[in-house]
Amino acid sequence: HWDDIADLRRDFPSLNVVENTPWVDQGRIVTSAGISAGIGMSLHLVSRLHSLELATRTARQMEFDWQPLDRQLL
């Protein structure tokens, strides 16, 4: 979450904190912060594990404004 960035950097100096992105996909590990970011990440996972069409239909059914992002790799 954007409000925790300074704390993460202070408490975990070896952690690569990525700012200004709702979620990060490193292949085996996918992380997000915040409620809407978690929804967006979940739709990304639906897209990745099933299909972009299903993720898009699901977002529409939820009335959630979602656009697929490029895979967020570090």
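Just so we're clear, the structure is a prediction, and the values are computed from it rather than from any experiment.
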key: Partners passing side chain to side chain contact (heavy atoms under 4.5 Å, CB included) against Gln67 (at least two apart in sequence or in another chain)   = Asp65

Whether Ser51 side chain and Ser47 backbone form a donor-acceptor pair below 3.5 Å = no

task = Look at atom CZ of Arg60 and say whether more than 12 heavy atoms of other residues, nucleotides or ligands are closer to it than 6.0 Å.
result = no

inquiry  = Which residues pass the salt bridge (charged side-chain N to carboxylate O under 4.0 Å, His left out) test with Asp4, not counting sequence neighbours?
reply    = none

request  = Kindly compute the distance separating OG (Ser42) from CH2 (Trp23), expressed to the nearest 0.5 Å.
outcome  = 11.0 Å

task = Could you list the residues that satisfy salt bridge (charged side-chain N to carboxylate O under 4.0 Å, His left out) with Arg57, not counting sequence neighbours?
result = Glu53

ask   = Going through the checks in order, is the side chain to side chain contact (heavy atoms under 4.5 Å, CB included) test met by Leu45 and Val30?
value = CA-CA 9 Å; Leu45 289 171; Val30 183; 3.9 Å; yes

Sequence-distant partners of Glu63, side chain to side chain donor-acceptor pair (under 3.5 Å), two or more places apart = none

request  = Could you check Asn20, Val18, Val17 and say which one makes a side chain to side chain contact (heavy atoms under 4.5 Å, CB included) with Ile5?
outcome  = Val17

key: Minimum heavy-atom distance His44-Trp66, with the two atoms named   = N-CZ2, 3.8 Å

Heavy-atom neighbours of Glu19 CD exceed 12 at 6.0 Å = yes

task = Return the set of residues passing side chain to side chain contact (heavy atoms under 4.5 Å, CB included) with Ala33 (not counting sequence neighbours), or none when no residue passes.
result = His1

task = Could you go through the side chain to side chain contact (heavy atoms under 4.5 Å, CB included) check for Met41 and Val24 one step at a time?
result = CA-CA 8 Å; Met41 181 192 71; Val24 176; over 6 Å; no

ask   = Sequence neighbours excluded, which residues qualify as side chain to side chain contact (heavy atoms under 4.5 Å, CB included) partners of Thr58?
value = Leu43, Leu54, Met62

ask   = Which heavy atom of Ser32 sits nearest a heavy atom of Gly38, and at what distance?
value = OG-CA, 3.4 Å

ask   = Roughly how far, to the nearest 0.5 Å, is the CG atom of Asp11 from the CG atom of Leu15?
value = 10.5 Å

